[in-house]
Amino acid sequence: MSAFRRELTPVSFLERSGAVYADRVAVVDGGRRFTYGEWRARARHFAHALRRAGLKKDDRVAFLALNGEPLLLAHLAVPQAGGVLVAINTRLNEAEVAYILEHSGARFVFFSRELEPQLASAPTGPRRTALDAEFEAFLQTGSADPVASWLEDEYDTIAIDYTSGTTGRPKGVVYHHRGAYLNALAMVLENRLRADSVCLWTLPMFHCNGWVHTWALPAAGACSVSLPRVDPPHVWRLLAEHGVTHFNAAPTVLIMLANDPAAQPLQRRVRVCTGGAPPSPTLIAQMEELNIEIQHLYGLTESYGPFTLNVMQPGVSELPLEERARFMARQGVAHVTAGLQRVVDEELQDVPADAQALGEIVLRGNVVMKGYYRDEEATATAFAGGWFHTGDVAAMHTDGYIDIRDRKKDIIISGGENISTIEVEQAVMSHPDVLEAAVIAIPDQKWGEVPKAFVTLKPGRSLTERDVIDHVRAHIAHYKAPREVEFGELPKTSTGKIQKYVLREQAWAGRDRRVN
Amino acid sequence: MAVTEKAAGTTAQQLPYREELTPVNFLERSGMVHARRVAVVDGERSWTYAEWRARARRFAHALRAAGLEKGDRIAFMAVNSEPLLLAHFGIPQAGGVIVAINTRLSADEVAYIVEHSGSRMVFFSPELEPALARVPSGVRRIDLATEFEAFLETGSEEPVESWLEDEYETIAIDYTSGTTGRPKGVMYHHRGAYLNALAMAVDHRLDAGSTYLWTLPMFHCNGWCFTWATIAVGARNYCIPKIDPAQVWSLLRSDGEWHFCAAPTVLIMLVNDAAAGRLERPARLFTAGAPPSPTIITTMQDLNFQLEHVYGLTETYGPFTINLSAPGADASARARQGYPNLVAGEVRIVDDAMRDVPADAETMGEVVMRGNVVMNGYFENAEATEIAFQGGWFHSGDVGVMHADGQIELRDRKKDIIISGGENISTIEVEQAIASHPAVMECAVIAIPDEKWGEVPKAFVTLKPGQSATEAELIEHVRSRLARFKAPKAVEFGELPKTSTGKIQKFVLRDREWAGREKRIN
């Protein structure tokens with residue numbers, strides 16, 4: 001470091017806000033409240049405690065926790081200590097959690113008590129700390145003194161976010177401090193986050209580190225209101241009680257909220273970022289009536305969450321609802337610090353910007369991951385040609401807005417969560433009576449998409465839909481199980497390869513997109 | 001540490017690619033994202049973002065066609081206008097470095113800057129042509145009124161291949177008056193410009209619906225980085241060549257969500273104008289250059305302005321700190337310089353041994369800074385650069401105190417600079433000019449408080465025995481050598497207070513002139 005260079009890191013955001021917004025509330029968690037001054041001290045305590053407990057630079061610190069103050073704190077304290085945060089999806093089962101803990105080599109695991117059963121198969125080596133009185137006691141072993149930085153380079157790793165990939169095993173997406181900083185800064189600017197903003201944590205913090213809002217909110221000096229579970233009446237109460245100005249959620253959650261009896265127009269206009277699926281005209285209309293402004297965004301775990309935004313254009317707000325919704329359904333354009341997005345063919349050439357020709361979305365920029373942890377091959381494949389391949393298929397409008405139409409990779413996005421079709425197929429096929437299976441996404445009003453399995457049984461065997469579903473639930477996280485099962489022959493090529501696209505065509509007939 | 005030991009993933013060298021931070025990309029993006037929104041208004045002319053991005057690319061290609069090589073300096077001697085704003089994108093996009101010269105300088109000073117920077121071209125507003133009188137003939141000149149459009153025609157609107165390899169490459173050189181008399185060229189890099197531009201956008205609350213009024217000279221720290229900030233968010237830039245208070249009031253009352261920056265002097269001019277009156281829709285502004293008085297703050301707020309006080313130097317890309325007091329805070333709280341902005345870095349108040357002074361709001365020390373928005377040095381002046389960065393921090397030369405809550409407050413100025421109407425005047429430069437008069441034996445120049453300008457220079461002169469000169473003569477003498485605004489407003493004749501070793505004690509003179517005031521700056 002010199003007088004004119006300072007590594008870009010989100011850790012600096014809380015260090016600054018701790019002084020600048022010392023008396024403003026940083027976090028509300030149930031009955032507890034911390035000002036920024038107090039919260040910065042708490043982060044330092046946590047960082048020192050980790051170092052005292054033996055944390056070395058780049059050690060992974062895992063969290064299996066519901067949204068809450070400790071998980072939010074970890075986003076600042078773990079990198080401040082020199083560690084790497086691994087915030088695990090709380091909906092995974094014990095085998096999946098164990099895999100991630102082993103693969104990441106985490107030395108510490110912090111967990112919400114109610115999730116302790118999910119650690120049943122986890123390696124016993126890492127030090128475990130429950131996020132109750134144990135955590136407070138752990139914090140006490142640290143101090144509020146400034147923490148000497150071990151950060152050498154802003155390209156050092158700040159977090160590893162595990163995401164379901166097509167191969168079935170989740171991949172660890174590596175984030176660096178620089179990308180986290182720049183994406184957070186973009187969220188502050190694009191989302192108009194300020195010191196008087198109040199954000200309700202409807203979005204899981206394990207999703208791309210809360211779509212980088214875990215860092216953006218402390219940067220702005222805004223207030224975070226914790227929410228361990230999305231319970232619609234409770235959400236409506238909190239929205240009113242705390243004067244919430246922002247929250248983030250997949251359309252599924254918004255649909256749930258809009259249709260809940262407790263829904264009523266908010267006094268203070270709220271800005272909601274949504275992604276993972278496009279918002280429907282119905283939803284947009286409902287949200288407007290509730291005094292909620294929707295901001296559609298797109299990105300992946302590999303792009304620190306939000307990469308593109310559907311930026312409002314002059315005149316669009318005056319259009320009739322259907323047209324407005326069609327415009328808003330587009331994924332949009334790269335935000336101010338993201339980089340470049342293109343839609344390309346197999347030769348990496350741009351497709352014509354005619355809103356018709358389809359190609360793959362590829363990205364490059366400061367907010368694209370460093371790579372997949374301990375998986376050079378997958379990393380090389382993902383960055384073929386020097387651009388990150390998203391596996392999302394889209395058209396490009398003349399104004400540069402991308403518009404997703406299909407998905408190349410075998411992923412279903414259901415209620416904002418990735419489900420690997422291959423993983424589900426493998427689970428179905430592990431049933432002794434199943435000969436072969438194909439799983440595809442089918443559209444669903446509430447969840448956007450849900451998995452549907454097409455199964456061919458072994459001769460002479462019989463199974464019900466329920467049997468198949470229960471079998472899958474016994475092996476992988478429940479949310480990944482198929483909602484429907486159809487039995488019969490699978491369409492195949494002359495060489496015997498299963499033609500999933502035929503199944504998709506049938507399931508999505510009459511729709512312009514093959515994703516929802 | 002060996003790569004295999006570096007546990008969590010790849011190192012920087014193994015990244016699939018690097019993406020340098022540069023404000024050039026703000027226009028490349030906004031040209032598409034805000035294609036149909038108005039980017040710039042200048043008199044009768046206006047351009048959408050799509051049109052303006054094309055124009056910047058033309059400018060870049062034209063510069064390359066004219067022989068620009070990577071790193072070449074291109075000077076602008078221009079009033080606030082669309083071409084000067086365009087230059088902030090076209091020149092770095094071409095791989096060059098923009099040198100936006102202070103339009104109030106004399107021909108001698110302008111020539112110095114053009115030569116020192118090695119600028120190969122100078123673009124100028126025709127009304128400023130006389131100031132180019134001493135610029136060497138080898139430097140190509142382009143008149144912005146009559147030759148600029150034709151120059152642009154020699155370029156094309158095709159994408160411009162980037163020559164930028166490292167975000168630490170220089171994007172601009174901003175010349176600033178220093179204590180030694182000769183201005184120094186502060187080097188800005190693409191990274192610092194990018195980051196401070198984003199911070200300015202955040203703190204000024206700029207977005208695509210904003211209109212930014214160009215009351216602040218674009219040659220001041222590249223418009224305090226607002227030349228880049230406005231473009232990043234798709235705001236509308238409204239150029240005005242000079243400040244006409246009636247026009248400003250009329251604009252602030254017209255359609256739009258108005259934002260601007262100005263020194264307190266300008267604000268005083270505005271509130272005292274006949275057109276002054278409470279705005280129906282609030283306008284937002286930053287002020288800096290001198291601590292704004294409680295009077296002006298209250299007056300502006302009453303007129304429905306959201307005023308924020310910022311502080312910085314040319315060496316810190318303009319604003320480094322910002323005062324984030326709540327609107328109801330008292331006058332003394334509002335007069336502080338505050339905290340570093342979101343991207344700036346750190347600030348300390350230190351003694352001569354670089355130790356922090358107690359945070360007691362009393363003990364004075366020097367303001368030192370460190371961070372991403374500190375210059376990386378003075379152009380071709382290794383010695384001054386080394387001095388400025390002694391101890392690993394940038395020395396501002398400003399003197400202040402540290403409050404218990406971490407906010408800084410300026411009290412005096414170590415380096416002998418007067419800030420008059422937002423402009424730097426080096427007292428040493430003025431002293432040298434006075435001393436060049438044959439009748440003058442010695443002199444000292446200090447800042448004295450002034451209602452309108454904040455501070456003005458006052459000279460204390462001892463004449464040679466038997467010689468005579470009047471106040472008017474000496475003032476005129478200075479005007480003939482330096483920019484007119486640098487000449488003293490008053491001259492007092494007599495003996496100068498000195499130490500026993502004969503060193504002039506300027507502080508004694510300052511104490512007299514500033515008696516009864518808490519600060520030694522205004």
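These numbers come from a predicted model, not from an experiment. Each chain gets a letter, A, B and so on, in the order its sequence line appears, and its residues count up from 1.
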>> Using modelled atom types and a 3.5 Å cut-off, is there a donor and acceptor pairing between side-chain atoms of A:R6 and backbone atoms of B:R370?
In response: no
> Can you tell me how far the CG atom of A:L340 sits from the CZ atom of B:R29, to the nearest 0.5 Å?
Replying inline: 11.0 Å
>> Counting C-beta onward and ignoring hydrogens, is there a side-chain heavy-atom pair between B:L198 and A:V336 closer than 4.5 Å?
In response: yes
> After noting the C-alpha distance and the side-chain angles of A:R194 and B:R205, does the key distance pass the side-chain contact (heavy atoms from CB on, under 4.5 Å) rule?
Replying inline: CA-CA 9 Å; A:R194 294 183 190 138; B:R205 305 190 182 178; 3.5 Å; yes
> Side chain, backbone, both or neither: which part of B:V343 has a non-hydrogen atom closer than 4.5 Å to chain A?
Replying inline: both
> Would you call the rings of B:Y168 and A:F4 parallel, tilted or perpendicular if under 30° counts as parallel and over 60° as perpendicular?
Replying inline: perpendicular
> Minimum heavy-atom separation for A:R178 to B:L21, with atom names?
Replying inline: NH2-CG, 3.6 Å
>> Can you list everything that forms a side-chain contact (heavy atoms from CB on, under 4.5 Å) with A:A41? Sequence neighbours excluded, please.
In response: A:A144
> Which heavy-atom pair separates A:G400 from B:M32 by the least distance, and what is that distance?
Replying inline: CA-SD, 3.7 Å
>> Is A:S17 in contact with chain B via its backbone, its side chain, both, or neither, using a 4.5 Å heavy-atom distance?
In response: neither
>> Please rank B:A50, B:A199, B:G345, B:G391 by heavy-atom pairs under 4.5 Å with chain A and give me the top one.
In response: B:G345
>> Quick check against the 3.5 Å criterion: does A:R16 have a side-chain atom that pairs as donor or acceptor with the backbone of B:N341?
In response: yes
> Around B:D166, counting heavy atoms of other residues, nucleotides and ligands shown, do more than 12 lie under 6.0 Å from its CG?
Replying inline: yes
>> What part of B:N376 gets within 4.5 angstrom of chain A, counting heavy atoms only: side chain, backbone, both, or neither?
In response: both
> What part of B:F394 gets closer than 4.5 Å to chain A, counting heavy atoms only: side chain, backbone, both or neither?
Replying inline: backbone
> Does A:N366 reach the main-chain N or O of B:E19 with its side chain, forming a donor-acceptor pair under 3.5 Å?
Replying inline: yes
> Rounded to the nearest 0.5 Å, how far does CG of B:L342 lie from CZ of A:F13?
Replying inline: 5.5 Å
> With chain A, which of B:V374, B:I322, B:N372 has the greatest number of heavy-atom pairs at distances under 4.5 Å?
Replying inline: B:N372
>> Looking only at heavy atoms and a cut-off of under 4.5 Å, which of A:A334, A:A22, A:S12, A:G221 has the most pairs with chain B?
In response: A:A334
> By a 4.5 Å heavy-atom criterion (distance strictly below it), what part of A:E15 contacts chain B: side chain, backbone, both, or neither?
Replying inline: neither
> B:Q390 versus chain A, heavy atoms under 4.5 Å apart: side chain, backbone, both or neither?
Replying inline: neither
>> Restricting to non-hydrogen atoms, name the atom on B:L195 and the atom on A:Y181 that form the minimum distance, rounded to 0.1 Å.
In response: CD2-CE2, 4.3 Å
>> Evaluate B:D207 against A:L189 for side-chain contact (heavy atoms from CB on, under 4.5 Å), listing each step before the verdict.
In response: CA-CA 8 Å; B:D207 61 27; A:L189 188 56; over 6 Å; no
> Which residues satisfy the side-chain hydrogen bond (donor to acceptor under 3.5 Å, both in side chains) test with B:E308, sequence neighbours excluded?
Replying inline: B:R284
> Does B:E386 CD have over 12 foreign heavy atoms under 6.0 Å away?
Replying inline: no
>> With a 4.5 angstrom heavy-atom cut-off, is it the side chain or the backbone of B:A35 that approaches chain A, or both, or neither?
In response: neither
> Where on A:V311 is there a heavy atom nearer than 4.5 Å to chain B: the side chain, the backbone, both, or neither?
Replying inline: side chain
> So, for B:G392 and A:A3, which heavy atoms are closest and what is the spacing to 0.1 Å?
Replying inline: O-CB, 3.3 Å
